[in-house]
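Have a look at the structure below before the remarks.
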Number of protein chains: 2
Amino acid sequence: LTEAEMTDSYAVGVDLGGTTVRVALVDRAGQIRHEAAYSSNVERGPEPVIEDMARWVGEVTAAANVTREQLIGIGIGSPGPLSPSRGVVHKAANLPDWIDIPLSRSMQERTGLPTIMDNDANLAAYGEFWAGAGKDVDNMVMLTLGTGIGAGVVIKGELLHGHFENAGELGHWIVVPNGRRCSCGQRGCLEAYASAGNVARRVVEAIRDGETSILSGLVQKGTPFGSRLVVQAVHDGDPLAARIWDEACYYLAIACVNIQHAYNPTRIVMAGGMSKAGDLLTQLVQKHFELLAWNLYDDFPEIRIAVLGDDAGVIGAAGWAWKAEEEGRWNAEPTC
Amino acid sequence: LTEAEMTDSYAVGVDLGGTTVRVALVDRAGQIRHEAAYSSNVERGPEPVIEDMARWVGEVTAAANVTREQLIGIGIGSPGPLSPSRGVVHKAANLPDWIDIPLSRSMQERTGLPTIMDNDANLAAYGEFWAGAGKDVDNMVMLTLGTGIGAGVVIKGELLHGHFENAGELGHWIVVPNGRRCSCGQRGCLEAYASAGNVARRVVEAIRDGETSILSGLVQKGTPFGSRLVVQAVHDGDPLAARIWDEACYYLAIACVNIQHAYNPTRIVMAGGMSKAGDLLTQLVQKHFELLAWNLYDDFPEIRIAVLGDDAGVIGAAGWAWKAEEEGRWNAEPTC
């Protein structure tokens with residue numbers, strides 16, 4: 001494409017989730033031209049879900065008054081484990097019956113557009129790197145604090161994959177030897193202490209063990225709640241919520257120290273449900289980080305909150321497609 | 001250089017240590033043609049040490065009957081923190097008065113040869129990757145278990161540096177929250193539990209705290225000992241030595257799990273004094289690793305012992321120089 005054609009072109013970013021699929025047309029500057037979100041209905045199995053995705057690429061394109069010729073290709077963020085280089089989803093906890101599904105090829109055949117895919121947490125991180133909280137830095141790690149903890153590692157503009165293409169699973173770093181059981185089979189994972197889901201779960205467990213809290217009533221009634229209500233309870237001065245929130249920030253600070261020594265990034269970005277706490281998250285993580293930090297070298301990353309919200313996934317997926325287009329490597333091996 | 005000239009050429013590998021400096025001529029296949037080791041005498045400050053290094057490049061070349069024209073350049077492994085891209089040693093615990101020393105430029109001016117430098121642990125890892133325990137894989141992490149724990153991370157043939165050029169300081173990963181004090185100022189570092197120096201120190205501390213061991217006599221006499229005698233005591237059935245050795249292997253296994261999730265390498269290589277224990281190290285680390293490991297994906301690295309011994313540093317330094325020559329980037333920024 002010529003430079004003029006590029007400026008009037010779009011990549012399609014798709015964020016495939018267990019509940020919602022998002023599809024967006026994104027220009028070369030990282031701006032969304034048009035976006036749609038619809039229910040995944042994953043219980044139907046892979047084929048109808050992929051068929052829907054292909055159809056929605058058409059819908060969004062039509063709704064935006066964009067022609068097929070203006071599309072450079074598709075990027076898809078999917079739950080994993082998966083193989084970006086082969087375009088295959090090996091399996092995915094929230095997508096029933098997705099076993100070794102050739103997602104890239106299926107989308108390419110249905111749409112006629114070159115397609116690239118990657119782990120959803122990786123592409124959300126790439127989105128913030130390309131057009132959000134990391135757009136002015138060269139190396140960035142993002143932690144997405146949701147039901148679990150997803151992560152993505154960007155090194156000099158490249159997503160890190162590693163030999164088995166599953167690098168950057170930092171939610172499963174062991175931070176407490178012989179600690180809490182994690183759904184992955186390990187003990188003491190970062191995720192078991194510091195994901196939004198587990199922060200709420202730990203409050204419930206503590207109340208069931210007899211501790212008192214302004215959230216006790218909800219627990220007695222069996223009303224489910226997430227990290228948002230825990231954050232509210234911290235703001236309302238609840239000691240139990242404050243203690244468990246502080247512990248989560250302490251373990252996140254240990255993760256930040258370990259990220260510093262692992263990758264030496266310029267910036268660490270916090271995203272996902274828990275990041276909506278804003279300063280209550282970053283200031284506590286920063287405080288613990290400074291108490292934990294070494295004194296050998298001044299190589300400390302900045303700790304920031306993500307800025308793209310739920311759009312990070314589609315923007316990153318589209319940005320990764322733009323990168324494939326510009327570097328002519330739609331079908332190439334990842335470089336790191 | 002033509003292919004014919006390359007096959008009769010050598011890179012100079014230099015391994016600058018606080019006690020010993022090693023200098024070797026290494027061919028393009030990673031074979032040492034000639035090698036020398038001499039006392040660093042670092043108490044003289046940086047200038048005489050650099051002068052000696054330049055002189056020994058000449059000595060080794062002459063002793064090997066190699067001409068100046070057959071040398072493609074010099075690679076130097078140095079203690080850090082340092083900047084490979086600028087060729088500057090910021091400071092180094094074992095090198096008195098080395099503050100922001102432009103080591104690459106100094107050597108280049110003295111020898112007339114292009115010079116590249118990097119962290120000593122990085123280049124030892126690159127040596128094993130290029131010509132040793134990792135020569136058949138694409139991604140490798142090496143832990144050097146000595147006085148402290150050094151590490152190097154190779155991703156698709158590139159050493160990982162990160163923004164501050166100090167990535168891969170895995171000896172300072174926090175593995176025990178609020179754990180043992182480390183010399184770096186942190187608490188609970190891997191190094192504080194699992195370096196050769198700290199394994200011996202922990203045995204001494206336990207004996208002073210009243211535990212009995214076949215090493216008690218040495219401790220009472222104040223005779224210093226290292227991990228070699230601890231390993232001997234394990235082989236001789238000493239329960240205290242066995243417990244502390246097992247704990248070290250347990251923390252190394254946690255580090256291996258965290259390396260798996262950080263970088264997804266094909267192989268993890270153990271080097272340094274403790275690696276001389278061989279199977280007693282790898283089999284225990286492997287046993288703990290399998291007990292700790294997750295069940296989500298079969299992305300487990302192999303755990304191996306290094307094979308190049310004390311030559312890893314000079315071979316890696318020379319290999320890094322060969323890479324600079326072949327990629328025409330003696331003065332380029334590191335790519336990852």
Side-chain angles (χ1 to χ4, degrees), chain A residues 80-81 90-91 93 137-140 151 153 155-156 158 160-177 179 182-189 250-251 254-255 257-267 292-301 333-336, chain B residues 80-81 90-91 93 137-140 151 153 155-156 158 160-177 179 182-189 250-251 254-255 257-267 292-301 333-336:
Chain A
H90 295 311
K91 59 181 169 182
V137 302
D138 55 353
N139 291 270
M140 191 196 97
V153 178
I155 296 171
K156 296 223 169 189
E158 290 291 334
L160 177 65
H161 291 97
H163 177 74
F164 301 99
E165 304 192 89
N166 203 35
E169 280 283 359
L170 309 189
H172 299 287
W173 265 356
I174 296 173
V175 293
V176 180
C182 180
S183 59
C184 76
Q186 295 178 183
R187 283 183 170 277
C189 292
Y250 171 74
Y251 290 115
I254 287 182
V257 169
N258 292 354
I259 287 169
Q260 171 197 350
H261 298 317
Y263 309 110
N264 245 216
T266 323
R267 194 166 290 166
L292 291 166
W294 76 356
N295 53 33
L296 289 189
Y297 194 46
D298 181 15
D299 59 348
F300 304 116
E333 287 281 316
T335 60
C336 89
Chain B
H90 294 311
K91 61 181 170 182
V137 301
D138 55 352
N139 291 270
M140 190 196 97
V153 178
I155 295 170
K156 296 226 168 188
E158 290 291 333
L160 177 66
H161 291 98
H163 177 74
F164 301 100
E165 303 192 270
N166 203 37
E169 281 283 359
L170 309 189
H172 299 286
W173 265 354
I174 296 173
V175 294
V176 181
C182 179
S183 58
C184 77
Q186 295 178 181
R187 282 182 170 278
C189 291
Y250 171 74
Y251 290 115
I254 287 181
V257 169
N258 292 354
I259 287 169
Q260 171 197 349
H261 297 317
Y263 309 111
N264 244 216
T266 323
R267 194 167 289 165
L292 291 166
W294 76 357
N295 53 32
L296 288 189
Y297 194 46
D298 181 15
D299 59 348
F300 305 116
E333 287 281 316
T335 59
C336 90

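Chain letters run A, B, ... following the sequence lines, proteins first, then strands; residues in each count from 1. Because only heavy atoms are used, hydrogens play no part in the values below, and waters and symmetry mates are left out as well, while side chains stay in.
- For the pair A:K91 (side chain) and B:Y297 (backbone), a donor-acceptor distance under 3.5 Å is absent.
- Of the atoms belonging to B:V175, it is backbone heavy atoms, and not side-chain ones, that fall under 4.5 Å from chain A.
- Heavy-atom pairs under 4.5 Å with chain A were tallied for B:G185, B:A255, B:C184, B:G162; the largest tally goes to B:C184.
- In terms of heavy atoms, B:P265 sits closest to B:P301 at O-CB, 3.5 Å.
- With a threshold of 4.5 angstrom between heavy atoms, B:F300 approaches chain A through N, CA, C or O but not through any side-chain atom.
- For the set A:I155, A:I259, A:I174, A:L170, the count of heavy-atom pairs under 4.5 angstrom toward chain B peaks at A:I174.
- For the atom pair CZ (A:R267) and CG (A:D138), the distance works out to 10.0 Å, reported to the nearest 0.5 Å.
- Contact of B:A262 with chain A is made through backbone and side chain together, with heavy-atom distances under 4.5 Å.
- Contact check for B:Y251 versus B:W173: no side-chain heavy atoms found under the 4.5 Å cut-off.
- When the candidates B:N166, B:V257, B:L296 are compared by the number of heavy-atom contacts under 4.5 Å with chain A, B:N166 comes out ahead.
- A:L160 touches chain B through its side chain: at least one heavy atom from C-beta onward sits under 4.5 Å away, while N, CA, C and O do not.
- No side-chain donor-acceptor contact under 3.5 Å links A:H90 and A:E165.
- Annotation: the span from B:N258 atom CG to A:H172 atom NE2 amounts to 12.0 Å, rounded to 0.5 Å.
- Note: A:T266 leads A:T266, A:N139, A:V176 in heavy-atom pairs under 4.5 Å with chain B.
- Side chain to side chain, A:Q260 and A:D299 meet the donor-acceptor criterion of an N or O pair below 3.5 Å.
- Contacts between B:P177 and chain A at a heavy-atom distance below 4.5 Å involve backbone atoms as well as side-chain atoms.
- Both the backbone and the side chain of B:L292 have a heavy atom closer than 4.5 Å to some heavy atom of chain A.
- The CD1 atom of A:I254 sits 10.0 Å away from the CD atom of B:Q186 when rounded to the nearest 0.5 Å.
- At a 4.5 Å heavy-atom cutoff, the contact between B:H161 and chain A is made by backbone atoms alone.
- For chain A, the nearby parts of B:N264 are the backbone and the side chain; heavy atoms of each come within less than 4.5 Å.
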